[in-house]
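Every chain is numbered from 1 and lettered A, B, ... according to where its sequence line falls, protein lines coming before strand lines.
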Amino acid sequence: MKSYAKLSDIQADLRAGQITCRQLVAFYLEQIAATKHLNAYIEVYADEALQRAQSLDERYATDPASAGRLYGMVISIKDVICYKDHQVTGGSHILEGFTSLFSATAVERLLAEGAIIIGRTNCDEFAMGSTNETSYYGPTKNAADPSRIPGGSSGGAAVAVQAGTCLAALGSDTGGSVRQPAAFCGVIGLKPTYGRISRHGLLAYGSSFDQIGVFSHSIQDAALLLEIMAGADEYDSTAGRRPVPAYSQRLSFDRRARIAYLPEALEHPSLDPGVRQACLQFLEKLTGAGHIVEPVSFEWLDYIIPAYYVLTTAEASSNLARYDGIRYGYRSADAHNLEAAYRKSRSEGFGAEAKRRIMLGAFVLSAGYYDAYYAKAQQVRRLIRDTTLDILSKYDFIFMPTAPNVAWPLGETIDDPVAMYLADIFTVQANMAGIPAIALPAGNHPDNGLPIGVQLMGAPFEEEALLAFSKQIVP
Amino acid sequence: MSNSIYEQYETVIGLEVHVQLATRSKAFCGDDASFGGEPNTHVSAISLGHPGTLPRLNKQQAAYAVRLGLALGCRIDPASAFDRKNYFYADLPKGYQITQDRRPICVGGALPIKLGETWKEIRLHHIHMEEDAGKSIHDQDPRFSFIDLNRAGVPLLEVVTEPELRSAEEVDAFMSGMQQLVRYLGISDGNMEEGSMRCDCNVSVRRRGDTRLGERCEIKNLNSMRYARRAIAYEVKRQIDLIEAGGKVAQETLHFDPDTGVTSPLRSKEDAHDYRYFPEPDLPPVLLDKIFLDAQERALPALPWHLYVQFRNEYQLTDYDAGLLIEDRETAAYFQALCAQTPHKKAAANLIINKILPWRRETGAELADFPLTLPSLAAFLQLIDEGKVSNAIAYQRLLPALMENPSKAPLALAQELELIQTADTDLLGELADQVLAANPDKVAAYKKGKTGLMGFFMGEMMRLSKGQADPKTTTALLAEKLKV
């Protein structure tokens, strides 16, 4: 079977009777087996996916419409997204063996349209990491160069799409966890507006930043999946109530766009020259296509990462408190009282990065430090958001590199967490401001041939324009 | 130590009262919020704090909070917000409690408490919304503690007072007043035994005249008024003894053991939890619009302290009677409804207090189920007032008969049973002549000045008339006939 890049091609072949959904799933299962060494999946739902495909095929045969708009969509979900009666572990030892009692709203909505979930993908522990190396289940490897990281935290999801083991993947993006691995793996990565997709069923890391996102090879697929997952949800009070446009039907962008780029970003000392060159070429292409591209100064760039890590670790320290070994998940075998049960279960159950962030977060919230850290970081966030929204009131999009460099070798930052944190410098802004952003493939690095990604950010709930414009660039 | 030493000190108490709300579902999910149930049956993934679950606000909790706030004259924050209070405990599934720290829903206000015949206003600092924790059970197994999460997530309001209470009696009055109010509002059953109302007492002492507050100790989780009184008494004495012995009160959190009557430290200030409060990112601010606020205002019943004033001033009731009639909303409303049908307010109060409330106690029924309708009760009172039936006969004979035949009009039944008093002077004159003729010695004694015998003659008149003699007319008649 040939490798598909978009759902419309698959559905055309399904309609023409050239393939069945079951054959498609079988094909993807073969791809998964062939790329097992990349460690993209923690668990593959082989039998179940085949059965579901078969029953969808049967349904399609009697009534094509009843198979749903996602008939033929084979998708993977990051191991931080709940799927009823399936395990979800957040890439952590502490939840090993835990089975969810319910499905995430996003998953429910995809299933209702006929999507097939083929497995759950590897990720950094509780989405904390930029390399996929903090997973308890071992690192995922980049298909472009298996000696390198795929990025993170949704590294497994990115590789799953990159390696053709599924058509699309759900990830989560708290500070770039969809866009950065998408860039490193040469696929599209969409992070919608905060609250566009319900967080019900998404394991919380930084609750005021977290957002489910999509990996795909095509803008159409990203648009369709967003369209189906987005919208108000009674189980998530922070989910936006705005009506959801039919993104997949509105992908034409026929005006001149105004695009701001931040000189501070393009001149940033951490920016790799090869990535910078790709960015400049990308901007030239936009200018050449008649769009307005202008520099807009953004003086807060270097404050983004510190403020982000204060706020997300604060929220994480609280969000991860429930993993205590009392009601579910890992409990240390040699704990004989309550305090020891907490201490030992959490010490043994969490990995180093999760523990580091829990401690950081507990510290910045503690009496006497709150004002200096948490409160100050909140002010910085407000400033960054206001400034960003101000730019977006004058421009359609903000352009940024996705990451300052390309995928680096496995192990390089494992002992240098700050270096890893700084690699999020260009993606975090969108989460700080709660705006939608998309990582688009922008060719390969001149020296090592590794994928490079660029990024466009839009105004809140303006995914329609962001997707339509991206479609012009990545047809 | 002599009592005079203790009298040199003033007790200062601030309360944190937790009121469990009578909502159907929990504060942040649809689970059953009712008391009891088999352990861990009122739970879902949300109550259990499973990964991926989020809270959502129960609007009824906000409605109840606003009602209590409006009743107490608080300022209602139209955009209050939730915070997380972080601590680890086995019965706290999420590892944090959702509460309101920075922007509580109600600010200020006061509860009038009744101390004897006077009222004192206890000002409030604020009222906030939060969720309850589950229950840890440590005494059912030698090796294990059991956890029941039915209560986890049940909505609470915490009412925080200024340090304005001065004695255990005032604490008692405050808790009774709060219990009465939440029952009036129908927002909680106020049942302390089931834990629907609990309080933490912040107790300090200072020398009389001192304006600064002393160091306070917090006695946790007092779930009965009797315990609270004992705990406060013990704690006040402990603090004074400590100061008098040259020591200093240390800020501590205390536990009161009802078996020994002693408070003991749970943790000191140094060990105090650092709750790491921060804004709850999963819940947007609680935005209350005018429509919502107006609806809560309309849902407020007449409040007990307003009713008390009305009953005292308008209806001229005694403090005791007014106190009894405002005790619960049903009684007050019943009394008011009866008052709307009769001008005889005091008599109506007596009827309710002496007959109808005891009937309710005995039968366990509701006042609305009392066999006689309000118009019938009003007619009954009217018969007494007009002197058609004597007070004694009315209560002893007519009322029980009416309760047997509630559909009969009081006047008709009184006539049927020949209970109508007569003021017919001809008839009464005849009877009086009979009585006087039958008792010549007593008539002579009376005329010599033993006027106390009038009671005897009246008794005879009543006997002969089967109680129907109108007392006023009869007295006048007898006096006339006995004139020297």
With chain B as the partner, which of A:Glu315, A:Arg327, A:Glu339 has the greatest number of non-hydrogen pairs under 4.5 Å? A:Arg327

Between A:Lys78 and A:Ala127, the two heavy atoms sitting closest are NZ-CB, 3.7 Å

Within 45° of the ring axis of B:Tyr275 and under 6.0 Å from its six-membered ring centre, is that where the NZ or CZ of B:Lys85 lies? yes

Given the options A:Asn337, A:Val364, A:Leu202, which has more heavy-atom pairs under 4.5 Å with chain B than any of the others? A:Leu202

Counterpart residues, ring pair (Phe, Tyr, Trp, His ring centres under 6.0 Å), relative to A:His93 (two or more places apart): A:Tyr136, A:Tyr330

Among the listed options A:Leu101, A:Ile326, A:Leu320, the residue most often paired with chain B at heavy-atom distances under 4.5 Å: A:Leu101

Look at the aromatic rings of B:His138 and B:Tyr89 and report parallel, tilted or perpendicular, splitting at 30° and 60°. perpendicular

Side chain, backbone, both or neither: which part of B:Tyr96 has a non-hydrogen atom closer than 4.5 Å to chain A? side chain

For chain A, find which of B:Gly30, B:Cys29, B:Pro284, B:Pro93 contributes the most heavy-atom pairs closer than 4.5 angstrom. B:Pro93

What option among A:Ser318, A:Ser198, A:Ser207 has the most heavy-atom pairs under 4.5 Å with chain B? A:Ser318

Side chain / backbone / both / neither for B:Asp282 at chain A, heavy atoms under 4.5 Å: both

At a heavy-atom distance under 4.5 Å, which candidate from A:Val88, A:Val80, A:Leu338 has the highest pair count against chain B? A:Leu338

Does the side chain of A:Asp210 come under 3.5 Å of the side chain of A:Ser172 through a donor N or O and an acceptor N or O? no

Contact class of B:Tyr277 relative to chain A, heavy atoms under 4.5 angstrom: backbone

Please report the closest heavy-atom contact between A:Arg357 and A:Gly129, naming both atoms and the distance. NH2-N, 3.5 Å

With sequence neighbours left out, write down each residue that passes side-chain hydrogen bond (donor to acceptor under 3.5 Å, both in side chains) with B:Gln140, or none if nothing qualifies. none

For chain B, the option from A:Ala341, A:Ala104, A:Ala367, A:Ser208 that forms the most heavy-atom pairs under 4.5 Å: A:Ala367

Describe, in one word, how the ring planes of A:Tyr323 and A:Phe126 are oriented to each other, choosing from parallel (under 30°), tilted (30 to 60°) and perpendicular (over 60°). parallel

Please flag which part of B:Arg84 lies under 4.5 Å from any non-hydrogen atom of chain A: side chain, backbone, both or neither. side chain

Worked check of ring-ring contact (aromatic ring centres under 6.0 Å, His included) between A:Phe209 and A:Tyr308: CA-CA 9 Å; A:Phe209 298 80; A:Tyr308 167 82; 5.5 Å; yes

Where on A:Tyr235 is there a heavy atom nearer than 4.5 Å to chain B: the side chain, the backbone, both, or neither? both

Under 4.5 Å from a heavy atom of chain B, the part of A:Ile81 involved: neither

